[in-house]
There are 2 protein chains.
Amino acid sequence: MPPTLEEVAKLAGVSRSTVSRVVNQHPNVRPEVRERVWEVIRKTGYQPHAAARSLATRRTRVIGLIIPQAVTTLFTDPYFPILIRGIADACNAHNYHLMLSLFSRRRVQESRARQDLLYQQVLRGRYLDGVVVSSAPLDDPIFPRLLEDGVPFIIVGRYPHERANYVDVDNVAGARMAVEHLLRLGHERVATITGPLNMCSGQDRLEGYRQALAARGIPVDEDLIAEGDFTEQGGQAAMRRLLPHRPTAVFAASDMMAAGAIKVLREAGLRVPEDVAVVGFDDIPLASMVEPPLTTVRQPIEQTGGMAVELLVSLLENPGEETVHWVVLPTELVIRASCGGRSR
Amino acid sequence: MPPTLEEVAKLAGVSRSTVSRVVNQHPNVRPEVRERVWEVIRKTGYQPHAAARSLATRRTRVIGLIIPQAVTTLFTDPYFPILIRGIADACNAHNYHLMLSLFSRRRVQESRARQDLLYQQVLRGRYLDGVVVSSAPLDDPIFPRLLEDGVPFIIVGRYPHERANYVDVDNVAGARMAVEHLLRLGHERVATITGPLNMCSGQDRLEGYRQALAARGIPVDEDLIAEGDFTEQGGQAAMRRLLPHRPTAVFAASDMMAAGAIKVLREAGLRVPEDVAVVGFDDIPLASMVEPPLTTVRQPIEQTGGMAVELLVSLLENPGEETVHWVVLPTELVIRASCGGRSR
DNA sequence: AATAATTTTGGGAGCGCTCCCAGAAAGGGC
DNA sequence: GCCCTTTCTGGGAGCGCTCCCAAAATTATT
C-alpha cells in the first residue's frame with residue numbers, strides 16, 4: 001500500500017499541509033524542512049494520488065484525442081501515427097497525459113450509441129481537462145456538443161465558429177501549388193481526386209485545385225473531379241471514374257489515394273508519369289517508397305499535433321483569456337518522379 | 001456546474017445512497033423509485049465524477065498502453081495503428097478508457113528521465129488500473145518495475161517470468177513457413193534480415209529461420225544473417241551488408257524492412273523476384289501496394305491487441321485468481337509475387 | 001525593547017463518491 | 001394480528017488531496 005500525504009507528514013514530523021506545499025513547490029517552506037520532507041518522499045517513494053488530487057483541484061492533467069467514428073477506417077493511414085507522435089511529445093513536455101478515444105467500426109447504430117456513451121463518460125465525467133479533435137467531418141455532432149458543454153478544445157483542421165480554436169495546414173495553397181506545378185509542365189487536362197467533401201481538408205484542397213485552374217483561365221470540367229475518401233480503395237474507385245475522361249495528370253488529395261490511382265492507371269496500361277502524371281498530398285513515408293516516388297505536398301503533421309497541444313495547454317492554464325487561437329501552418333511541394341520531368 | 005449525486009438525490013426526494021444504488025445497478029431499489037431517479041438523472045444530465053469515484057473505489061477504469069522509448073521511432077510502422085485499433089475497440093467493449101504513453105525521441109538522457117517521471121506519475125499515481133506493454137526490448141527496465149510494483153499488465157510479445165502474462169503471435173512458426181516456402185522453391189542461399197535481437201519477436205523470427213534450414217539439413221551461414229531494426233532504413237542497410245554474399249532469396253522479419261531490401265536490390269540492378277526472391281513479415285497494407293506485391297507472413301495484429309485487453313480486463317476483474325495467461329495466436333503465409341512463381 | 005509586518009506552520013472543511021451499518025418498511029407463516 | 005425474515009432506505013465515515021484561515025514563529029521597524 002503506497003504511502004499517503006498524511007503518512008509522509010508523520011514521518012517527517014510536519015503537517016499534511018507542509019508536505020503538500022513541498023510537493024507543489026510552494027515557496028513558503030523553510031529550506032531545512034523542505035529538505036527533510038523531500039528525504040522522506042524519496043525514501044518512501046511517495047507519489048500523490050491522482051484521483052484525490054483531481055477531486056480537490058478539479059483538474060486531471062489529462063487531455064483527450066478524439067478521432068470520430070467517420071475516420072476510424074482511415075486509421076491505417078500513417079498520417080495518424082505521426083500526428084499522435086507530435087501530440088504525445090507535446091503532452092510529455094507539458095506534463096499532461098494523453099487519453100485516446102477511437103470509436104468502434106462495428107455497426108453504425110451501435111457505434112453511435114457507444115460514441116455518445118463515451119462522450120458522456122469521458123467529458124461529462126471529467127476524466128479530461130480538454131480535448132484535441134482530429135479531422136472530424138464538419139457536420140460531426142461533437143462540435144456543437146463541445147461548444148455547449150464548454151469543454152476546452154482544439155481542432156486539427158477547422159470549424160466555422162467563433163469559439164472554435166484550431167490549427168490547420170494551408171491546404172488551399174498546397175493544393176494550388178501542386179496543380180500549378182502540373183499546369184506549368186504543360187498539362188491541360190488535370191483531374192483531381194478529392195478527399196471527402198464533408199471535411200474541411202477535402203474542401204480546401206479542391207478549392208486550391210479550382211484556384212490554380214482559374215489563375216490560368218482554364219474552365220473547370222466537373223467530369224475531371226472525383227470524390228474519394230482518403231483511402232487507397234477510394235483512390236482506386238475515383239480513378240476508375242476519371243479514366244474515361246482521359247486526364248493527362250491527376251492531383252490526388254492524399255498519398256494513399258495517389259497510390260491507388262497509380263495502381264488503376266497501371267492496370268489500364270498507362271505509364272506514370274509518361275502517360276499520366278500524378279501528384280499526392282501529405283508526404284507520408286510511403287510516398288517515397290512507391291514506384292515511381294510520389295511528387296506530393298508536404299504538410300508538417302507532427303508540428304500540427306504539437307501545436308494543437310500547445311494551444312490547448314495555453315487555453316487550460318489561462319482560463320481567463322478569451323483569446324481565439326487560429327493557427328495555419330505552411331505546406332510545401334516536394335517534387336519527385338511521379339509528375340514527370342521538366343523535359344516535357 | 002454539473003449536478004452531483006447529492007443534488008440528484010434532493011431532486012428525486014431520496015438519499016444519496018439510493019441514487020448511488022440506481023447508478024450502479026444495485027438490485028435493492030423499488031422499481032418506482034428507480035424510475036423516478038432515472039428520470040432526474042436524465043433531465044439533469046448527471047454523470048458521476050470520475051475522480052470522486054476513483055478515490056472511493058480505488059479503480060479508474062483506465063488502462064495504459066505503453067510503448068517504450070526504444071520503439072518510438074517505429075511508430076510510423078502501420079503495425080501500431082492497427083494494434084491500437086484492436087486495443088481501443090476492446091476497451092470500448094469493456095467500458096475502459098485508454099491512456100497512451102509514448103516517449104519522446106529527443107536526447108536519450110532526457111528521455112530516460114521523462115520515462116521515469118511518467119512511470120512514477122502514471123503508475124504510482126494510480127492513474128491506471130493496468131497496462132498493456134507493446135514490443136518492448138527484453139531488457140527494458142519496465143518489466144522488473146511492473147512486477148515489483150505489482151501492477152497488472154499484459155505484454156504484447158513475451159517476457160520470461162512466471163508472473164508475466166502475455167499474448168504473442170507464433171513468430172517461430174511464421175518465419176519457418178516463410179523460409180520453408182523459399183527452400184521449396186529451390187533456393188539454397190536464403191538470407192535473413194532480422195529484427196532487433198534484443199526483442200522477442202526479433203529472436204523468434206530468426207529461430208524460425210534457423211529451424212527451417214535445419215529441417216532441410218542446410219548449415220546456417222552467419223554471413224547470410226543481418227540484423228535490422230524493423231524500419232525501412234534498417235532493412236536497406238542490412239540488405240547492403242548482405243549483397244556481397246549473393247543470396248538468391250531474403251526473408252525479412254518485417255514488411256518495412258522487406259520494402260527497404262527491395263529498394264537496395266533494385267539499385268544494385270537485381271530484379272525481384274527473378275534474381276532475388278523476397279518475403280516479408282506482418283502483412284501490413286503496404287505489403288500489397290509495393291511492386292512487386294510482397295509475399296509475407298500475416299499476423300493477426302488487431303486481434304492481438306484485442307486479446308491483450310481481454311486478458312488484462314479479466315485480470316483486473318478477478319483479482320483473486322493467480323492464473324497466468326499465456327496466449328499465442330497463429331500466423332499464416334500469404335503468397336504474392338515477390339517470391340517468384342512455382343515455375344522455378 | 002516593544003510593536004508591526006512578514007513568513008511559516010497546522011488544522012478544518014470540503015471535493016463527490018462508495019460502502020457499511022442500522023433502522024424502516026414490506027412480506028410470510030401461524 | 002403478531003412475530004420473524006427479507007427487502008429497501010438513509011446517514012456516517014472515509015478515500016487522499018487542496019485551500020483557506022488563523023496561530024505561531026520569525027524578521028523588520030521605530
Side-chain angles (χ1 to χ4, degrees), chain A residues 1-38 40-41 44-62 120-129 317 319, chain B residues 1-38 40-41 44-62 120-129:
Chain A
M1 199 84 312
T4 69
L5 247 205
E6 201 82 47
E7 288 160 10
V8 171
K10 194 161 299 168
L11 287 173
V14 295
S15 79
R16 196 163 26 96
S17 307
T18 300
V19 179
S20 175
R21 282 187 200 100
V22 171
V23 169
N24 296 298
Q25 330 240 37
H26 188 98
N28 288 0
V29 179
R30 258 191 10 256
E32 64 261 39
V33 174
R34 180 192 309 279
E35 203 31 69
R36 185 148 40 94
V37 172
W38 269 124
V40 175
I41 291 178
T44 56
Y46 169 75
Q47 183 69 29
H49 191 292
R53 205 176 227 185
S54 297
L55 183 58
T57 59
R58 344 199 84 218
R59 319 174 97 289
T60 60
R61 295 203 79 83
V62 177
Q120 286 293 330
Q121 289 187 347
V122 170
L123 284 165
R124 313 213 49 168
R126 274 133 300 169
Y127 266 101
L128 306 177
D129 290 344
E317 302 193 341
Chain B
M1 199 88 307
T4 70
L5 247 204
E6 200 81 48
E7 288 160 11
V8 172
K10 194 162 298 166
L11 287 172
V14 296
S15 77
R16 199 162 24 95
S17 307
T18 300
V19 180
S20 175
R21 281 186 200 101
V22 171
V23 170
N24 295 299
Q25 330 241 35
H26 190 98
N28 287 2
V29 179
R30 259 191 9 257
E32 63 262 38
V33 174
R34 180 191 309 279
E35 201 33 67
R36 186 146 40 92
V37 172
W38 269 123
V40 176
I41 291 178
T44 56
Y46 169 75
Q47 183 69 29
H49 190 292
R53 203 176 231 184
S54 297
L55 183 56
T57 59
R58 342 200 84 218
R59 319 175 96 285
T60 60
R61 294 203 80 83
V62 177
Q120 287 292 331
Q121 290 186 346
V122 169
L123 285 166
R124 313 215 47 173
R126 275 134 299 169
Y127 267 101
L128 305 177
D129 289 345

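The sequence lines fix the lettering, A, B, ..., with proteins before strands; numbering per chain opens at 1.
Against DNA chain D, the stretch residues 2-16 of chain A makes heavy-atom approaches under 4.0 Å through A/Thr4, A/Leu5, A/Arg16. Contact check of residues 23-37 of chain B against DNA chain C (heavy atom, cut-off under 4.0 Å) returns B/Asn24.
Qualifying salt bridge (charged side-chain N to carboxylate O under 4.0 Å, His left out) partners for A/Glu7, counting only residues two or more places apart in sequence or in other chains: none. With sequence neighbours excluded, the residues that form a side-chain contact (heavy atoms from CB on, under 4.5 Å) with A/Thr18 are A/Val14, A/Ser15, A/Arg21, A/Val29, A/Val33. With sequence neighbours excluded, no residue satisfies side-chain contact (heavy atoms from CB on, under 4.5 Å) with A/Ala56. Taking B/Gln47 as the reference, A/Gln120, A/Gln121, A/Arg124 meet the side-chain contact (heavy atoms from CB on, under 4.5 Å) condition, with sequence neighbours excluded. With sequence neighbours left out, the side-chain contact (heavy atoms from CB on, under 4.5 Å) criterion links B/Leu123 to B/Ile66, B/Tyr119, B/Leu128, B/Val131, B/Leu146, B/Val151. Listed by chain and number, the residues in a salt bridge (charged side-chain N to carboxylate O under 4.0 Å, His left out) with A/Arg61 are A/Glu317 (sequence neighbours excluded). For A/Arg58, the salt bridge (charged side-chain N to carboxylate O under 4.0 Å, His left out) test picks out no residue, with sequence neighbours left out. Under the rule for a side-chain hydrogen bond (donor to acceptor under 3.5 Å, both in side chains), the partners of A/Arg16 that lie at least two apart in sequence or sit in another chain are A/Glu6.
DNA chain D is contacted by both B/Ala56 and A/Thr57; B/Ala56 maps to the nucleotide lying nearer its 5′ end (nearest heavy atom per residue).
Taken over five-pair windows at either terminus, the axes of the helix from C/dA1-D/dT30 to C/dC30-D/dG1 are inclined to one another by 30° (rounded to 10 degrees).
The only option from B/Arg34, B/Arg30, B/Arg36 that meets the side chain to side chain donor-acceptor pair (under 3.5 Å) definition with B/Glu32 turns out to be B/Arg30.
Using a 4.5 Å heavy-atom cutoff, the side chains of A/Asn24 and A/Arg53 are in contact.
Residue contacts shown for B/Arg21 include a base, since a base heavy atom lies under 4.0 Å away.
When atom types are taken as modelled, the side chain of A/Tyr127 and the backbone of A/Thr60 share no donor-acceptor pair closer than 3.5 angstrom.
For A/Thr18 and C/dG10, the shortest distance from a side-chain N or O to OP1 or OP2 is below 4.0 Å.
Nucleotides of DNA chain D with any atom under 4.0 Å from a heavy atom of chain B span, from 5' to 3', D/dC8 to D/dG16.
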